[in-house]
Asks: 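My structure is below; once you've seen it, I'll send some questions.
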There are 2 protein chains.
Amino acid sequence: MKKVSISDIARKAGVSVSTVSFVMNDKAVKMRISREVIEKVENVAREMGYRPNQLARGLRTGKTKTIGLIVENISNAFFATLAKTIEDEAKKYDYKVVYASTDNDDDKARELLNMLSQRQVDGYIITPTLNLAEDIRRLQAESKPVVLIDRYFPQHSEIPAVLVDNYEGVARGTERLIEKGYKKIALITIETEMAHMHDRINAYYDVLNRHSIPVSDSLVKIVPYNSSREGALDQIVQFLSKAGSDIDAVFFLTNYLGVLGIEAIKKLQIKVPEQLAVLCFDDNDIFRLYTPTISVIKQPIAEIGQQAMASLIERLKQNGEEVAAVTNAPVKLIADLVARESI
Amino acid sequence: MKKVSISDIARKAGVSVSTVSFVMNDKAVKMRISREVIEKVENVAREMGYRPNQLARGLRTGKTKTIGLIVENISNAFFATLAKTIEDEAKKYDYKVVYASTDNDDDKARELLNMLSQRQVDGYIITPTLNLAEDIRRLQAESKPVVLIDRYFPQHSEIPAVLVDNYEGVARGTERLIEKGYKKIALITIETEMAHMHDRINAYYDVLNRHSIPVSDSLVKIVPYNSSREGALDQIVQFLSKAGSDIDAVFFLTNYLGVLGIEAIKKLQIKVPEQLAVLCFDDNDIFRLYTPTISVIKQPIAEIGQQAMASLIERLKQNGEEVAAVTNAPVKLIADLVARESI
DNA sequence: GATGCTCGCTAAATCGTTTTAGTTCTTACC
DNA sequence: GGTAAGAACTAAAACGATTTAGCGAGCATC
């Protein structure tokens, strides 16, 4: 059984292909197709189960009603939730989303961009990798709208972005730890040159400085990006056990690190918060359920997804009208501190 | 800046469109295009950054090198991991994947099937909803390969499936609980008529019967599907607190329920495993990290993804060769019991 | 010097739509 | 009775590729 095409419908209904097209696209009235013909065509189409071929349609119109979503890793809770929100939002605007994971690799990201471009997606929502700015500029040059999420390029303000206010979030977290009396606050972060992580790290340093609390490199653990799960876990275990009572609090800068951190703390049987207070950037089911419950800086994931989508739709509407390389400050949403038992 | 098309390349290189096409598809030698022309075309294509339009290509060839993946909810850890595996596997075979969530709703699933069909995906990997068999048969009738994952239709053996051996998994879990001396084993499951869940439930009943342990409806809690997260949590809290010492073990039949279960247990301050042993079908980061660690029946997610993909690729190769409605018993993979502190 | 081969390439059809520019009837109007 | 103005459709080009059939030039063969 082959698929039925518009000409099958036309033949069966005894009208031209154009007429069928008009009827299927609600242009029948505008094109003054008679009531009877409209009904005839609609019936035939229904009976034969006609579904327009979107490839042909996309080829002709240049619009696929599809947006490309590029995340770091779809199996990570943060991105999976974000992806679901964006999928749901897209549906509201009658768009489909195609998504893919970069694993934070520039080359893989470029490949994905190519793939999506070849598939003629109408717009992009991207969690960029470090050196992706040039490739993204190229998309914009083809007047394809792009909105970054979660990360951004401070030196490329012509690429709009929606993300959490990383600086503010970590600043609040650090302030709170200090308020609670912790003075020897360790920081565990992932190695990266991306701005959003620098914002987080800078906030930590700035707040400590503001409170005249000495900072030392020995308080900061940077886990290399290419570490395996086990390798990273090991390093955190090493760091925490070596630090011992030199630290009284630890701030994990990502969800992923926080989960490993919990595992390390469990392994070392460190008492939280008596021996060590724990705070993590970004929430996770585990943090709510662990004993003790872990305090977090909670990103407004749904809001990020919604705003990114709204922003993209806005740009899609202007549809290539060469919206003169506008400068858009990144949209920064506030992350709340959710205080639980760990601090 | 518009996209460059094959005719742009042809014009600039001073050859015909056909020649460019042959060169781009490595058919140049077969078509006896000269070395110089090949190089000329390749250079021009590279300089102009030519990327073939996949819509046009797909329209002409009928192949999009894309597979559709339909899961219940991409933000669920199980499906997110499965999706990532399938994405990675697909890349090995040079296929792209488009995915979408049904939220376990038949109508939504049908819509997605339509959408993917209109986009001419070459094949499907589907986590089906209850009444989707007919719609899937229709895809098969169009000779589009389909492989089910995680769930199956026992009465439709012509639809291949790859899933865990649910019966065996729950049977092993129940056996182990009995071995350990638990006699009043509660079951918490989600309301559904789907076979894979019945397999799980039947295993529980069968094993208890085999051991002549009385079963009672009061030991089984069925959470209605449309329950909100909070509603479901409430029901589990109610059930556990009402059951009290009438039960000495509880078996959660899904990952999602297990997480809620942990939350309920924490709330009720039930001592695990002293007051209550806990076992859950399907693993989750939380179960490894919770105190005490929670025992699980661990599904081989990567293997499910790999086998499903391999099976689909096999069928894609036969490419419409009307592989006479073969009967395929579902592939059932063994789930291991991971014993942790909770039993 | 006609025939046939091989070589190296191109013309044109095709996939399934959308959309512009007509075409063919009626009816209206002076 | 001739023209203009709708009404109700249709023909054909276009989108960007792939693919089949074929064309002209050069050479070998008899």
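Quick note on labels: first sequence line is chain A, next is B, and so on, each numbered from 1.
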Asks: Are A/Ile313 and A/Tyr95 side-chain neighbours, meaning at least one heavy-atom pair lies under 4.5 Å?
Replies: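 Yes - at least one pair of side-chain heavy atoms lies under 4.5 Å apart.
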Asks: Once you round it to whole Å, what is the distance between C1' of D/dT19 and CD1 of B/Ile6?
Replies: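 That distance rounds to 11 Å.
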Asks: Is the phosphate of D/dT18, meaning OP1 or OP2, less than 4.0 Å from a side-chain N or O of B/Ser21?
Replies: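 Looking at the OP1 and OP2 atoms of D/dT18, one of them is under 4.0 Å from a side-chain N or O of B/Ser21.
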Asks: By the 4.0 Å heavy-atom rule, please label B/Val37 as base, sugar-phosphate, or nothing.
Replies: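 Answer is sugar-phosphate: B/Val37 comes under 4.0 Å of backbone atoms only.
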Asks: How close or far is atom C1' of C/dT17 from atom CD of B/Gln118, stated in whole angstroms?
Replies: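 Whole-Å distance recorded here is 12 Å.
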Asks: Roughly, in whole Å, what's the span from NZ in A/Lys2 to P in C/dT14?
Replies: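 Value for this atom pair: 17 Å.
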Asks: Check the phosphate of C/dC9 against B/Thr19, side-chain N and O only, distance under 4.0 Å to OP1 or OP2. Yes or no?
Replies: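 For C/dC9, OP1/OP2 do not have a side-chain N/O of B/Thr19 under 4.0 Å.
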Asks: Return the set of residues passing side-chain hydrogen bond (donor to acceptor under 3.5 Å, both in side chains) with B/Lys92 (not counting sequence neighbours), or none when no residue passes.
Replies: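 With sequence neighbours excluded, B/Lys92 shows a side-chain hydrogen bond (donor to acceptor under 3.5 Å, both in side chains) to B/Glu89, given in chain and number order.
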Asks: Please state how far atom CD1 in A/Ile9 lies from atom C1' in C/dT17, giving the value in whole angstrom units.
Replies: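 In whole Å, C/dT17 C1' lies 13 Å from A/Ile9 CD1.
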Asks: For DNA chain D, find the residues of residues 48-62 of chain A with a heavy-atom distance under 4.0 Å and give them by number; none if there aren't any.
Replies: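 By residue number: A/Leu59, A/Arg60.
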Asks: B/Val15 near the nucleic acid: base, sugar-phosphate alone, or nothing, with a heavy-atom cut-off under 4.0 Å?
Replies: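 If one applies the 4.0 Å heavy-atom cut-off, B/Val15 turns out to touch the sugar-phosphate alone, with no base involved.
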Asks: Using distance alone, with no hydrogens and no angle criterion, decide if B/Thr66 and A/Arg119 have a side-chain donor and acceptor under 3.5 Å apart.
Replies: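 Side-chain D/A pair, B/Thr66 to A/Arg119: present.
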Asks: Tell me, please, which residues at least two apart from A/Asn25 pass side chain to side chain contact (heavy atoms under 4.5 Å, CB included).
Replies: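 Here the qualifying residues are A/Ser21, A/Lys27, A/Arg57.
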Asks: If we count only N and O atoms by modelled type, under 3.5 Å, do the side chains of A/Arg137 and A/Gln140 hold a donor and an acceptor together?
Replies: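 There is such a pair (donor and acceptor under 3.5 Å, judged by atom type) between the side chains of A/Arg137 and A/Gln140.
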Asks: Rounded to whole angstrom units, what separation is found between the NZ atom of B/Lys3 and the C1' atom of D/dC15?
Replies: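 B/Lys3 atom NZ is separated from D/dC15 atom C1' by 13 Å.
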Asks: Could I get the full list of side-chain hydrogen bond (donor to acceptor under 3.5 Å, both in side chains) partners for B/Ser7, not counting sequence neighbours?
Replies: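 Once residues adjacent in sequence are excluded, the partners of B/Ser7 under the side-chain hydrogen bond (donor to acceptor under 3.5 Å, both in side chains) criterion are B/Ser5.
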Asks: Between the protein and nucleotides 20-26 of chain D, which nitrogen or oxygen pairs are less than 3.5 angstrom apart?
Replies:
none

Asks: Under 3.5 Å, is there a donor-acceptor pair linking the side chains of B/Glu87 and B/Tyr99?
Replies: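 Note: B/Glu87 and B/Tyr99 side chains meet the donor-acceptor criterion.
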Asks: Over how many whole Å does the gap from B/Asp8 atom CG to D/dC15 atom P extend?
Replies: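 To the nearest whole Å, that distance equals 11 Å.
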Asks: Is there a side-chain contact (heavy atoms from CB on, under 4.5 Å) between B/Val20 and B/Val44? Walk through the geometry before answering.
Replies: CA-CA 10 Å; B/Val20 177; B/Val44 173; over 6 Å; no
Asks: Check this one for me: any side-chain N or O of B/Lys27 less than 4.0 Å away from OP1 or OP2 of D/dT19?
Replies: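 Answer is yes, contact under 4.0 Å.
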Asks: Figure out the CZ/P separation between A/Arg32 and D/dG6, and round it to whole Å.
Replies: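 From A/Arg32 CZ to D/dG6 P: 9 Å.
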Asks: At what angle, to 10 degrees, do the two end axes of the helix from C/dG1-D/dC30 to C/dC30-D/dG1 meet, given five pairs define each axis?
Replies: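 One end axis against the other gives 80°.
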Asks: Expressed in angstrom and rounded to an integer, what is the separation of A/Met24 atom CE from C/dT19 atom C1'?
Replies: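 From A/Met24 CE to C/dT19 C1': 17 Å.
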